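For reference, the structure discussed in these notes is given below.
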Amino acid sequence: MAITAQGAPSSQRELDQLCVNAIRFLSVDAVEKAKSGHPGLPLGAAPMAYVLFTRFLKHNPADPKWFDRDRFVLSAGHGSMLLYSLLHLTGYDLSLEELQRFRQWESRTPGHPERGKTPGVEVTTGPLGQGFGNSVGMAIAEAHLAARYNREGAKVIDHFTYALASDGDLMEGVSSEAASLAGHLKLGKLVCFYDNNRVTLSESTHASFTEDVARRFGAYGWQTLTVEDGNDLELIDRALREARAELARPSLILVRTHLGYGAPRKQDSFEAHGSPLGADEVRATKERLGWPVEPAFFVPEAARAHFRKALDKGRKAQESWNREKESLWRVDSNLGRELERVIRGELLEGWDEELPSFPPDAKGLATRNASGEVLDFIAARVPEMIGGSGDLNPSTDSAIEGAGDFQSRAESGGDMQGSAGGGWSYAGRNLHFGVREHAMGAITNGLAAHGGVIPYAATFLLFSDYLRPPMRLASMMRLGTIYVFTHDSIGLGQDGPTHQPVEQLANLRAIPGLVVLRPCDANETAQAWQVAVAARDHPTALVLTRQSVPTLDRTSYAAAENLRKGAYVLAEAKGGAPKLLLIASGSEVSLALSAQAELDRRGVPARVISMPSWELFESQPGSYRDSVLPPSVPARLSIEAGSPQGWAKWVGDRGDVLGVDRFGASAPGSEVLAHFGFTVDNVVARALRLLEREGA
């Protein structure tokens with residue numbers, strides 16, 4: 001249909017085509033103006049996105065955070081202009097001027113979607129496969145909250161999660177992990193479009209991706225539906241209706257599209273993927289699809305009016321939801337009050353009062369075991385906590401006792417007990433991720449981004465490497481995800497160097513915005529959990545031991561609550577001002593205390609500093625940091641069974657670092673630590689050399 005600036009469609013079919021092309025050419029014009037971006041996906045995928053947003057998606061552009069909205073995740077984040085065009089057209093607070101500032105400094109339309117920067121963007125996407133994993137997490141959150149809060153006559157949680165994925169998304173391993181789990185869990189309210197355009201960034205998919213995607217997802221337990229013509233709106237409509245009707249399986253809709261649709265020279269070519277079409281090709285594409293060449297960023301009034309119907313539909317849907325909430329209050333006022341609280345993301349007042357306290361014990365216990373006790377205590381007072389491990393609950397001590405397992409009743413038979421008691425159902429709070437650490441990270445991001453829950457994920461510290469991409473995104477999105485990493489050093493012993501972390505602490509500390517906590521004993525572990533749960537605007541990593549560590553006598557040493565400052569004077573030097581600072585974290589703090597005692601016998605006054613969190617310590621005022629690490633004391637020795645990288649910041653150029661700069665070994669943990677120099681004798685010897693060098 002050819003149109004002019006004043007033209008109006010004469011039928012619904014013409015109006016639909018007008019709207020699809022409005023999406024296409026807002027996207028193309030923005031990429032062309034920026035001289036950067038990805039025009040190919042919006043040109044090909046606009047029809048399916050149009051059908052979803054105007055006929056099915058439950059959302060209110062006037063209130064992007066309305067809790068019972070459907071979630072839409074553009075996993076193929078490089079096609080961001082597709083989403084920005086839809087958000088602008090349907091009435092979100094995203095002006096045409098912002099579309100014209102695509103990919104510019106401080107615009108609300110960055111190169112890839114960023115949560116918190118653009119209203120209507122649910123998660124930050126771009127690293128392929130991550131958004132797909134996020135969508136699985138969102139579907140889990142919806143199913144869990146529906147099971148917890150819906151009552152007869154009060155359906156307060158009832159929405160779908162939609163995702164749009166590319167070939168690249170489905171090639172990434174994280175999507176395979178997440179899809180496998182989603183199929184097992186029978187997440188029927190998860191619907192994913194596969195933009196099957198058969199072109200990658202550098203070639204056609206014939207070069208690297210020739211598998212039968214439908215059969216693969218069918219084997220995972222998904223319903224698969226195929227739309228052979230991605231421009232046929234009615235076929236897309238029919239597929240979506242079938243997907244929404246199948247509530248016992250997630251659905252993958254494979255839509256055959258054409259990358260760069262309509263571009264005479266570049267359609268179906270990788271040239272349309274990640275570069276502007278160019279002025280001549282833009283003109284030719286507009287002419288071919290009957291669109292005015294000028295002005296750029298043109299939106300016909302008929303199309304705008306049709307898209308903006310989303311505002312009235314969204315308002316009515318939200319009003320209906322408000323009535324459902326009122327019904328829940330009448331049925332169960334306590335449940336209604338709790339739902340309102342978790343939606344706001346507020347913790348119950350007094351949740352952290354009387355945290356578990358552990359008596360002094362020279363033998364002590366592993367901080368992973370202390371963590372398990374504290375987790376059970378907190379979870380009983382924070383019902384929105386939900387999480388699990390990569391098939392390591394017995395080793396990470398991360399199952400919530402009595403909270404049941406999140407499982408499909410169809411899979412479990414409906415009458416079995418969960419591994420932590422409490423039975424099987426979507427109301428269960430223990431997630432079994434299986435050996436899928438990468439998906440676990442992406443899924444917990446989806447849980448956190450959905451809201452209403454506080455997710456945690458547990459595995460060995462060594463395997464944090466598998467979670468690094470989603471951890472980075474969690475920090476970028478300021479999500480309050482909690483990571484529980486156990487088996488934190490070479491001290492775990494006989495599993496050997498393949499399982500002994502060395503560089504992982506440094507890796508975690510390198511992620512901007514991630515707070516890393518390595519507590520020294522059971523009581524610091526309790527405080528670490530308090531910090532982690534209270535932090536709703538950034539992720540936190542708890543780094544815990546497998547081996548037992550002494551539980552310190554806090555009547556002789558500083559209170560464990562000081563962990564919240566990141567570092568503190570645990571034991572002051574005896575016999576005068578300190579000449580030496582011993583700085584340690586985690587299991588090495590007790591070693592520092594033993595070394596302090598030996599130095600004291602030799603007449604050397606040394607201060608012991610517990611430093612569980614560099615990030616929290618850096619956030620303290622300079623005066624406090626100087627009170628803990630006096631600039632007048634240059635003789636400083638850090639002690640940590642991990643990479644020395646970064647410790648120079650705290651010990652200075654006149655200090656020393658006792659760390660691990662090579663891979664570990666298979667032997668009993670105490671022997672491994674001794675061979676690597678984590679003994680009182682070696683600490684004392686290095687301390688004395690420091691003092692000798694200083695002439696002290």
Side-chain angles (χ1 to χ4, degrees), residues 358-364 518-524 527 549-614 617 620-641 644 647-659 673-674 677-696:
F358 299 85
D361 183 351
K363 181 180 178 183
R518 189 171 185 243
C520 75
D521 73 348
N523 287 306
E524 270 198 5
Q527 296 301 316
V549 294
T551 304
L552 303 180
D553 183 351
R554 295 293 171 164
T555 63
S556 300
Y557 301 114
E561 286 84 350
N562 286 297
L563 169 137
R564 303 176 194 182
K565 298 177 181 178
Y568 62 100
V569 179
L570 177 65
E572 189 53 277
K574 296 171 184 166
K579 292 184 178 181
L580 173 75
L581 305 181
L582 298 175
I583 314 166
S585 78
S587 51
E588 288 72 68
V589 169
S590 59
L591 172 60
L593 290 171
S594 297
Q596 180 197 42
E598 178 60 27
L599 288 166
D600 181 56
R601 281 193 289 272
R602 300 186 185 205
V604 178
R607 170 185 288 184
V608 174
I609 296 154
S610 176
M611 194 177 217
S613 175
W614 294 9
F617 187 58
Q620 303 305 312
S623 57
Y624 175 77
R625 296 198 303 271
D626 287 348
S627 73
V628 176
L629 302 175
S632 60
V633 185
R636 304 176 180 186
L637 175 62
S638 68
I639 311 165
E640 185 175 72
W647 273 106
K649 177 174 184 176
W650 307 114
V651 303
D653 57 6
R654 290 156 68 182
D656 189 14
V657 177
L658 173 56
L673 287 165
F678 290 91
T679 64
V680 172
D681 288 346
N682 188 49
V683 172
V684 169
R686 293 179 77 139
L688 293 176
R689 282 200 297 272
L690 268 177
L691 291 171
E692 183 179 336
R693 195 168 67 196
E694 291 295 325

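This is a predicted model, so every value here is computed, not measured.
By the salt bridge (Lys or Arg N to Asp or Glu O under 4.0 Å) test, R689 pairs with no residue at all, sequence neighbours left out. When the side-chain contact (heavy atoms from CB on, under 4.5 Å) test is applied to Q620, the partners found at least two apart in sequence or on another chain are K565, Y624, R625. Listed by chain and residue number, R554 satisfy the side-chain hydrogen bond (donor to acceptor under 3.5 Å, both in side chains) test with D521 (two or more places apart in sequence, or in another chain). Residues that satisfy the side-chain hydrogen bond (donor to acceptor under 3.5 Å, both in side chains) test with R636, not counting sequence neighbours, are absent from this structure. Taking F358 as the reference, nothing meets the ring-ring contact (aromatic ring centres under 6.0 Å, His included) condition, with sequence neighbours excluded. Legend: residues meeting side-chain contact (heavy atoms from CB on, under 4.5 Å) with A559, ordered by chain and number and at least two apart, are E561, N562. Remark: N682 engages no residue in a side-chain hydrogen bond (donor to acceptor under 3.5 Å, both in side chains) (not counting sequence neighbours). Remark: D626 pairs with P631 by the side-chain contact (heavy atoms from CB on, under 4.5 Å) rule, at least two apart or across chains. Scored by the side-chain hydrogen bond (donor to acceptor under 3.5 Å, both in side chains) test, S632 finds no partners at all (sequence neighbours excluded). Residues forming a side-chain contact (heavy atoms from CB on, under 4.5 Å) with A595 (at least two apart in sequence, or on another chain): L582, V683, V684. Here K363 pairs with nothing under the salt bridge (Lys or Arg N to Asp or Glu O under 4.0 Å) rule; sequence neighbours left out.
The nearest pair of heavy atoms linking L591 to V680 is CD1-N, 3.6 Å. Considering all non-hydrogen atoms of both residues, T551 and A522 come closest at OG1-CB, 4.1 Å. The two atoms that bring V589 and S610 nearest to each other are CG2-OG, 4.0 Å, heavy atoms only. Nearest heavy-atom pair, W647 versus V657, reported as atom, atom and distance to 0.1 Å: CB-CG2, 3.7 Å.
Note: L593 CG to C520 SG = 8.0 Å, rounded to the nearest 0.5 Å. Distance OG/S556 to CG/L570: 10.5 Å, rounded to 0.5 Å. In this structure, CD1 on I583 lies 5.0 Å from CD1 on I609, to the nearest 0.5 angstrom.
A heavy-atom distance below 4.5 Å is found between the side chains of L688 and V604.
Note on residues 580-599: pairs passing salt bridge (charged side-chain N to carboxylate O under 4.0 Å, His left out), not counting sequence neighbours, are R518-E588, E598-R601, E598-R602.
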